[in-house]
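Worksheet: one structure, shown below.
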Amino acid sequence: MQMAKSILVFGGAQIFTVLAALVRGKLSAILISASGIGLNGLFLTISTFIGNITNFGVGMSAVRSLSVTFESSTHENFICEVAKIRRISILTALSGAILSLALSPLFSQIYYGNFSNTGSFAALSIVVASTIIISNEMAVLKAMQKTKLIVYQSIIIAVLSVVAVIPFYYYLKIDGVIWALATSSFANLVVTIAMSFSVCPFTICKDRLHDFLISIKPIIILGIALIAAGMVSSGAELIIQSYFEATSGLDALGLYRAGYQLSVVYVGMIFTAINNDFYPRLSAISENLQERNIMINRQISVLLFFTVPLIAIFIAILPWIIPLLYSREFDAIITMTRWASISVIIKSIYLPMEYLPLVTGNSRHYLLMETINWNIMAICIIIGNEIYGLGGAGIGLLASQIIEVIWVYFFLHKKYDFSFIWRQKE
């Protein structure tokens with residue numbers, strides 16, 4: 001099955017990425033401790049929040065438009081479409097960097113009570129601009145289905161993400177967190193541009209400003225919903241992290257971030273295969289109700305096939321791998337990580353369905369789903385932590401995923417005539 005092959009290819013690359021992330025996590029635990037991990041998470045959340053405000057969701061919405069153009073139009077039209085995306089990319093990256101610089105004194109005052117760390121937050125402008133351009137260039141590779149280049153890019157970036165942190169963490173300790181983040185982001189940008197330009201060189205499409213604005217309108221409309229959804233998700237993460245920092249301190253935030261990364265981010269990296277392969281293919285058949293339902297159901301089946309045994313093994317070996325990957329300081333996250341990792345199985349069902357409003361161009365439904373789901377997640381995690389501590393936060397995360405998959409299924413069933421297919425013929 002093509003889906004299984006795609007997940008195996010991308011999954012193999014993600015295994016390497018996970019290993020690199022685990023090495024980076026181990027170095028972080030040794031060199032900058034839980035406080036440094038918490039600070040790194042805070043910087044990442046802020047940069048993501050600013051990026052979501054300024055990127056117009058082009059990195060995601062462009063995949064749909066580029067995929068359709070690549071499959072159904074001429075090469076010249078595709079080149080012009082890419083040129084438009086890159087023009088937007090430059091403008092949004094500049095706006096993201098400027099906003100980061102403008103807000104840096106405010107973030108320093110909010111999180112430190114003074115302006116002494118304004119420079120650190122200002123350095124996030126590099127991270128924001130780089131991330132926006134990377135996302136848009138990856139849309140080109142995904143639309144062209146350049147599987148090998150996407151895999152090579154992920155492997156190279158994984159290596160760079162480890163190499164970049166070593167000197168900064170070793171010599172500057174916690175003060176080197178922001179500079180390691182900025183350096184790795186810029187290095188990732190260089191690698192991604194090199195890959196993308198090798199298959200689709202930079203060109204300038206000569207069209208009038210009016211025609212340009214008309215042509216990008218569908219991308220922007222869908223992107224606006226993605227911006228709003230991104231703001232909701234980043235806002236929810238900021239609320240959760242601010243809650244931990246305010247109620248229990250930076251160390252508790254670092255423990256929560258470590259548990260979340262280990263159970264949801266690292267283990268959940270298998271879902272990268274969906275974004276790199278499934279979304280463009282689903283976009284190409286978005287008008288065919290029967291085919292898209294079959295494709296979504298098959299994707300769910302394949303993901304469950306991979307995630308269920310993976311999570312079972314992960315939970316079993318967790319008490320041994322946490323001290324190995326971090327330190328004994330992080331034993332407190334074992335219970336949380338076990339519960340949270342089960343949510344990855346539930347996410348295997350939810351995530352393929354989530355793309356249905358996107359591929360049909362219904363941005364309002366996607367925004368509604370994301371807004372409700374992230375609010376459910378934030379509420380459940382906070383309530384769980386209040387009742388049972390850090391382990392309760394993991395239970396809350398699992399509960400939120402169960403609630404989400406139930407209501408989203410009935411919503412999509414009503415609006416898009418989506419149904420689970422229990423037996424499928426190959």
Side-chain angles (χ1 to χ4, degrees), residues 21 24-25 27-54 96-97 99-132 161 164-165 168-169 172-185 188 230-266 326 329-330 332-333 336 340 374 377-378 381-382 385 390 393 397:
R24 188 173 64 249
L27 291 172
S28 301
I30 295 173
L31 299 176
I32 59 176
S33 72
S35 297
I37 293 175
L39 183 61
N40 183 72
L42 184 63
F43 282 142
L44 282 172
T45 303
I46 292 173
S47 64
T48 302
F49 181 73
I50 296 174
N52 286 337
I53 294 174
T54 56
L99 184 61
S100 298
L101 292 171
L103 293 179
S104 56
L106 176 62
F107 284 125
S108 181
Q109 181 65 38
I110 290 174
Y111 290 103
Y112 290 92
N114 53 59
F115 298 108
S116 61
N117 288 278
T118 299
S120 295
F121 287 102
L124 286 177
S125 59
I126 300 173
V127 180
V128 172
S130 297
T131 303
I132 290 174
S161 68
V165 305
F168 292 105
Y169 286 3
L172 300 178
K173 302 301 180 184
I174 197 171
D175 291 332
V177 169
I178 182 59
W179 304 113
L181 189 58
T183 302
S184 61
S185 296
N188 295 348
M231 290 176 63
V232 169
S233 64
S234 297
E237 289 183 348
L238 274 174
I239 290 172
I240 294 170
Q241 294 187 48
S242 298
Y243 159 78
F244 276 99
E245 197 274 337
T247 58
S248 306
L250 203 57
D251 284 347
L253 172 59
L255 292 173
Y256 167 76
R257 284 289 304 182
Y260 185 85
Q261 284 185 314
L262 190 59
S263 58
V264 179
V265 179
Y266 295 162
Y326 295 101
E329 179 186 6
F330 290 83
I333 69 173
M336 172 201 166
W374 278 100
M377 177 178 166
I381 288 175
I382 291 174
N385 187 75
L390 196 59
L397 179 59

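It should be emphasised that the depicted structure is a prediction, and the values quoted were computed from it without experimental measurement.
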**OP:** Mark yes or no for whether D175, through its side chain, and K173, through its backbone, hold a donor-acceptor pair below 3.5 Å.
**Re:**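 Judged by distance alone, no pair lies under 3.5 Å.
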Original post:
Is S108 reaching over with its side chain to a backbone N or O of S104, donor-acceptor style, under 3.5 angstrom?
Top reply: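 A pair under 3.5 Å: no.
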Original post:
Is there side-chain contact between I46 and L238, with at least one heavy-atom pair below 4.5 Å?
Top reply: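 Side chain of I46 against side chain of L238, heavy atoms only: contact under 4.5 Å found.
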Original post:
Does the side chain of I381 reach to within under 4.5 Å of the side chain of F244, using non-hydrogen atoms?
Top reply: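 Yes, at least one pair of side-chain atoms sits under 4.5 Å.
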Quick one: [atom1] on [X] to [atom2] on [Y], what's the gap to the nearest 0.5 Å?
X	Y	atom1	atom2	result
R24	S184	CZ	OG	7.5 Å
L44	L181	CG	CG	5.0 Å
M377	I239	CE	CD1	11.5 Å
L42	F107	CG	CZ	9.0 Å
T54	I132	OG1	CD1	3.5 Å

Quick one: side chains of residues 117-130, donor-acceptor pairs under 3.5 Å with protein atoms, not counting sequence neighbours, listed by atom name and distance.
unit_1 : atom_1 : unit_2 : atom_2 : d
T118   : OG1    : F115   : O      : 2.8
S125   : OG     : A122   : O      : 2.8
S130   : OG     : I126   : O      : 2.8

Original post:
ring pair (Phe, Tyr, Trp, His ring centres under 6.0 Å) with F168: which residues, sequence neighbours excluded?
Top reply: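 Ring pair (Phe, Tyr, Trp, His ring centres under 6.0 Å) check on F168 returns nothing, list empty.
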**OP:** For the residue pair Y256 and N385, confirm or rule out a side-chain donor-acceptor distance under 3.5 Å.
**Re:**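 No, no side-chain donor-acceptor pair sits under 3.5 Å.
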**OP:** Run the numbers on Y260 and M336 for side-chain contact (heavy atoms from CB on, under 4.5 Å), then give the verdict.
**Re:** CA-CA 8 Å; Y260 185 85; M336 172 201 166; 4.3 Å; yes
Original post:
Of N40, L39, T45, which is the lone residue that meets side chain to side chain contact (heavy atoms under 4.5 Å, CB included) with F43?
Top reply: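 Result for side chain to side chain contact (heavy atoms under 4.5 Å, CB included) with F43: L39.
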Original post:
Closest heavy-atom contact between G235 and F49?
Top reply: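 It is N-CD1, 4.1 Å.
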